[in-house]
There are 2 protein chains.
Amino acid sequence: MLSSSTHSTTVEAFKGLIKKIKHYNEAVSLMFWDLRTGAPKKGVEQRTEVIGTLSGETFALTTSKEMKEYLDLLSSPDHYTQLDEITKKMVKEAKKEYDLFIKIPPERHKEYVILTSKSESVWEEAKAKSDFSLFQPYLEKVVDFQKEFIGYLGYEGHPYNTLLDQYEPGVTVEQLDQLFAGLREKIVPLVREVTSSPHKPDIRIVTQKFDPQKQKAFSKIILERIGYDFEAGRLDDTVHPFCIGLNPGDVRVTNRYNHNDLREGIFGAIHEGGHALYEQNISRELIGTNLCNGASMGIHESQSRFFENMIGRSRAFWECYLQDLIEVFPEELQGVTVDQFYFAVNEAKASLIRTEADELTYNLHIMIRYELEKGLISGEIKVADLPHIWNEKMREYLGITPNNDAEGVLQDVHWSGGSFGYFPSYSLGNLYAAQLEHAMRKEIPNYEDFIRNGQFAKIKDWMTEKVHKYGKLLTPNEILVQATGEQLNARYLTDYLEKKYRQLYQI
Amino acid sequence: MLSSSTHSTTVEAFKGLIKKIKHYNEAVSLMFWDLRTGAPKKGVEQRTEVIGTLSGETFALTTSKEMKEYLDLLSSPDHYTQLDEITKKMVKEAKKEYDLFIKIPPERHKEYVILTSKSESVWEEAKAKSDFSLFQPYLEKVVDFQKEFIGYLGYEGHPYNTLLDQYEPGVTVEQLDQLFAGLREKIVPLVREVTSSPHKPDIRIVTQKFDPQKQKAFSKIILERIGYDFEAGRLDDTVHPFCIGLNPGDVRVTNRYNHNDLREGIFGAIHEGGHALYEQNISRELIGTNLCNGASMGIHESQSRFFENMIGRSRAFWECYLQDLIEVFPEELQGVTVDQFYFAVNEAKASLIRTEADELTYNLHIMIRYELEKGLISGEIKVADLPHIWNEKMREYLGITPNNDAEGVLQDVHWSGGSFGYFPSYSLGNLYAAQLEHAMRKEIPNYEDFIRNGQFAKIKDWMTEKVHKYGKLLTPNEILVQATGEQLNARYLTDYLEKKYRQLYQI
C-alpha cells in the first residue's frame with residue numbers, strides 16, 4: 001500500500017527538480033538573447049563557457065539518478081493514477097526527454113556535437129564558395145549519425161518518424177506524404193497560373209528608401225495593436241529576428257529593418273509577434289513546469305504565420321492601418337491605395353531562396369526539403385546526389401533552376417547542424433494556421449470586421465482559449481482537433497490560397 | 001608521501017568547482033543587469049525566483065562537502081607548498097568564504113534574510129514619513145543580528161573589525177580611527193573656511209536645461225577617451241548608475257542624466273567608468289578563478305573616485321574637454337571659461353545628503369556613519385539614540401542640522417539591509433586614490449600635461465600595472481604599499497584637498 005505522504009513527497013521533489021531545470025533554462029535563454037542583442041564581443045567567448053556550464057548542468061539534472069527514480073516511481077500505476085492532469089503530462093514529457101538523452105551513448109553524442117560544430121563552419125565556407133563537394137563528406141557523416149541515433153531511439157513505420165517526433169510529436173511520414181500531396185496538387189498549378197498572369201503588383205511602392213527608425217516605431221505600434229504586451233516583453237534590434245520566451249511575463253521580440261524594403265521589418269515584427277502572443281498567454285499555472293512552452297514547432301509556427309499572413313497580409317488589415325502607415329511615410333506612400341498596397345505585400349512568384357519566398361510558394365520549398373530528408377534517412381537518396389535532385393525538384397515544383405549550389409542545396413544552415421525533421425514544421429504551421437482560421441471564422445461572426453477595425457482582442461482571445469493557454473499540456477493534434485473539430489486537412493490552406501491569389505492575380 | 005597525480009587531480013577538481021561557481025555568478029550578474037536596464041516588469045517575479053535558484057546553488061557549491069574536502073587537502077602543508085601563487089590565493093579566498101558561510105547557523109541566516117527584507121521596506125516607509133520610530137525596532141533587531149554573527153565568526157581587537165573585514169580585508173578600527181582623525185583635523189576647519197569665503201562658483205552654468213541625449217553622447221565620448229573599451233562593455237540608462245563586471249571582456253556601465261544639472265550625468269559616467277577600467281583590465285589569467293574581481297570595495301572605489309574627481313574634476317581635464325562640451329551645448333555654454341567651469345563642477349558646501357555631497361565634505365558624512373556603526377556594535381550607542389547623535393555630529397562636523405530624520409539618520413538604505421562595515425570603504429577609496437595619485441605624479445613626469453592633452457593611456461596603464469591587473473591576487477594593503485611605498489596615510493588626501501580648495505575658494 002502506497003502511503004500518501006511518500007506520494008506527495010515524491011511529487012514535490014519531482015516538481016522541484018523540473019522547476020530547477022526550467023530556471024537554468026531561463027538563465028541560459030537570457031544569455032542567448034543578450035548575445036544576439038548587444039553583448040560586447042570581447043565577452044562572448046567567456047559567456048559561451050558559462051552557457052556550456054549551465055547547459056551541462058541541465059543535461060545532468062535531466063538524466064540524473066533522482067530524475068530516473070522519480071520517473072520510475074511516478075510512472076508506476078500506484079502513483080500515476082493519483083496524479084492530476086498537469087503532473088501526468090509533466091511526467092510524460094520528462095520521461096520522453098530522459099529516454100531521448102539516455103539512449104544515445106554519451107561518447108557518440110559528444111563526437112556528434114564536435115562534428116556538427118565543424119560541419120557548420122564548413123557549410124559556411126562551402127556556401128560562400130558555392131562548392132558542395134567541400135560540404136559533402138561532413139553532411140554524409142551527419143546523416144550517418146542521424147541513422148545511428150534512430151537506431152538507438154527506435155522507430156515505428158518510417159525511420160524518419162523518429163526525427164519528426166522531436167519537433168512535431170505524433171506526426172508521421174504517412175500523414176505528411178498525404179498532406180504534401182494535397183498541397184502539391186493544388187499549389188503547383190496555381191503557381192503556374194500566377195506566374196503567367198499579366199496582372200502584377202507594383203512593388204516599387206514598398207521598395208523605396210524607408211527610414212528604419214520610423215519602421216521600428218510603426219512595428220511597435222502594430223505589435224501593441226495585435227495584443228503584444230510590452231509590460232511582458234520588449235523589442236530589440238538584431239541580425240536574424242527571433243522571439244524568445246523566458247517566462248510568460250517576459251517574452252522578447254527582436255527584429256531588423258531593411259532600408260530599401262518595407263515588408264521585411266513590418267512582417268518580421270508581426271511574425272515574431274505571433275510567436276510572442278503564444279508565449280505570453282500560456283496559462284500561468286504552467287509556469288515552472290516543463291509544459292510552459294509551445295506544444296510543438298508547428299503549432300508555434302501556426303501562430304506566427306497566422307498573424308503574419310492571415311492577419312497582417314489581409315486586405316482588411318490594411319484597410320485599417322494603411323492610413324497610419326502613410327502618416328509615418330507621407331512622401332514615400334502618398335496616394336497609395338489599399339488595393340495597391342495589399343497586392344504589393346502579397347506578391348507571389350517562383351523564387352530560389354526559401355527565406356525570401358512568399359506565402360504561396362513557401363510550402364513548395366519545404367516539400368523539396370522534406371522529400372530529400374526522407375530519402376536520405378531511408379537510404380534511397382545519397383548525399384552525393386543532393387545537388388542534382390534538388391535542382392530537378394525545383395524545376396518540377398517551381399519551374400526554375402538555381403544557377404549554383406549556393407542558391408540551391410547549400411542555402412539553409414539546418415542540415416549542417418543536424419536539424420533533420422525540422423523543416424516540415426514550417427509547412428505544418430501554415431496548415432494549422434489555415435485550419436484554425438477557418439474554425440475561427442465560423443465562431444466569430446464578422447471576423448473580418450474586427451480586423452478592419454483594428455479590434456484584435458477577440459481574435460487573440462480565441463487563439464488563447466484554443467491554443468495558447470495549453471502550452472505543452474495537449475499534443476499538437478489534440479489542440480487542433482479540439483479547436484477545429486477535425487484532423488489536419490490540407491484543404492483549408494489550399495482553399496485559402498486559391499481564394500486569395502485568384503482574386504489578387506485575377507485568374 | 002603525496003603522489004603528484006593525487007595532487008594535480010585535487011587542484012584541477014578544486015579549480016573546476018571554483019570556475020563553476022564563477023559561471024553561476026556570471027549568469028546571476030547578467031540577470032541583475034537586465035533587471036535594472038529594461039527587463040519587462042511582468043517577468044520580474046519569476047526572474048527573482050531564477051536568481052534565487054542559482055544563488056542557492058552557488059551557496060550550496062561554496063559550502064559543499066567537495067569544497068571542504070578540497071580545501072582541507074590543499075591547505076595541508078604537503079599540498080599547499082606545491083601550489084603556485086594564484087592557486088594559493090584561490091584556496092585562501094575560498095576558505096574564507098567557506099568559513100563565513102558555514103559558521104552562521106543556516107536557520108539564523110534565513111531568519112536574518114527575512115528580517116532584512118522586511119526591514120528594507122519598513123525603512124522605505126519610515127523615510128517617506130520621516131518617522132524613525134517605525135524603523136527603530138527593525139534596526140534594533142538587525143544590529144542584534146550583527147552582534148550575534150560576530151559572535152559566530154569571532155573577532156580580534158574591536159568586534160566591528162569582523163564587519164570591516166568583509167568589505168576591506170585587513171582594515172581595523174584602530175587604523176580607521178587614526179585615518180578619520182587625520183581627516184577630521186584638516187577638513188572640518190577647511191569646510192568652515194570654504195563656507196565663509198565670499199568667492200563662490202556660478203553654478204547656473206551647469207544647472208540649466210541640458211538635453212539628456214546629448215549628455216549621453218558626450219558621456220560616451222569621455223568614457224572612450226579615458227580608456228573604457230566599448231568592445232568589452234556597453235552603456236545603458238538606469239535609475240541608479242552602476243558598473244557590473246561579468247568578466248573582463250564584458251564590463252557594463254549604466255548611468256542617468258539629470259535634465260537640469262550637467263554634473264550628475266558626466267561625473268556619474270566617469271565614476272562608473274573608473275570602476276569599469278578596473279574590471280576590464282584584470283589579468284586574463286585570473287578569468288574563471290575567484291580572484292577575478294576588485295581587491296576590495298575600497299580599492300574599487302579608489303578607481304572610480306580617482307577618475308571622477310582627480311581626473312574628471314581637474315582643471316587640466318576641462319582645459320582639454322570644455323571646448324568639446326561647448327560644441328555639444330553651444331547655446332547653453334557659450335562664453336563659459338575653463339576657470340568658471342572648473343569652479344562650478346567643484347562647488348563645495350556643507351550639505352545634508354551624503355549622495356549629493358561634494359568631494360571635500362563627503363568624508364565627513366562617512367565619518368559620522370562610521371562612528372555610529374562602531375558605537376552600535378560595541379554597545380556604546382543605542383539605536384534609539386541614533387537620531388539625536390546623528391544631528392549632533394552633523395552640527396559638529398558640518399555645522400548644519402537636518403530638519404527631519406528623512407534628511408538625517410534615515411537617508412541611507414544600507415543599515416536596513418544589514419550592510420554594516422560598508423560605509424568606511426567610500427572614504428578608504430578617497431584615501432587610496434589620493435595616495436595613488438601622489439605616487440603616479442612622481443612616476444609620470446608632466447602628469448598634468450597628459451590630462452591636458454587627453455592622453456590617458458599612460459595614466460590608465462599605470463593603474464593597470466599597479467592595481468587593476470592583480471584583481472584579488474593581492475590584499476588592498478599589499479597593492480597600496482607596492483604601488484606607493486608606504487602604508488595608507490591620510491595626509492595625501494588632506495594635502496590634495498587643501499591645495500585644490502584653497503586655490504578654488506581663494507582662502
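Scope of the values below: all heavy atoms of this structure, side chains included, with no hydrogens, waters or symmetry mates.
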### Task
Answer with side chain, backbone, both or neither: which region of Lys22(A) has an atom nearer than 4.5 Å to a non-hydrogen atom of chain B?
neither
### Query
So which of Ala232(B), Pro248(B), Gly56(B) has the largest heavy-atom pair count under 4.5 angstrom toward chain A?
Ala232(B)
### Message
Quick check: do Leu30(B) and Asp34(A) have side-chain heavy atoms less than 4.5 Å from each other?
### Response
yes
#### Entry: Residues of residues 277-289 of chain B within contact distance of chain A, non-hydrogen under 4.5 Å
Ile287(B)
#### Entry: Between CZ on residue Arg234(B) and OG1 on residue Thr37(A), distance to nearest 0.5 Å
6.5 Å
### Message
Quick check for you: among Leu54(A), Asn247(A), Asp229(A), which has the greatest number of heavy-atom pairs under 4.5 Å with chain B?
### Response
Asn247(A)
### Query
Do any of residues 40-52 of chain A come closer than 4.5 Å to chain B, heavy atom to heavy atom, and if so which ones, in number order?
Pro40(A), Lys41(A), Lys42(A), Gly43(A), Gln46(A), Arg47(A), Glu49(A), Val50(A)
### Query
Is atom NZ of Lys469(B) surrounded by more than 12 heavy atoms (other residues, nucleotides or ligands) closer than 6.0 Å?
yes
### Task
Inspect the surroundings of NZ in Lys220(A) and state if more than 12 heavy atoms from other residues, nucleotides or ligands are less than 6.0 Å away.
no
### Query
Thr53(A) and side-chain contact (heavy atoms from CB on, under 4.5 Å): which partner among Lys20(B), Glu26(B), Lys19(B)?
Lys20(B)
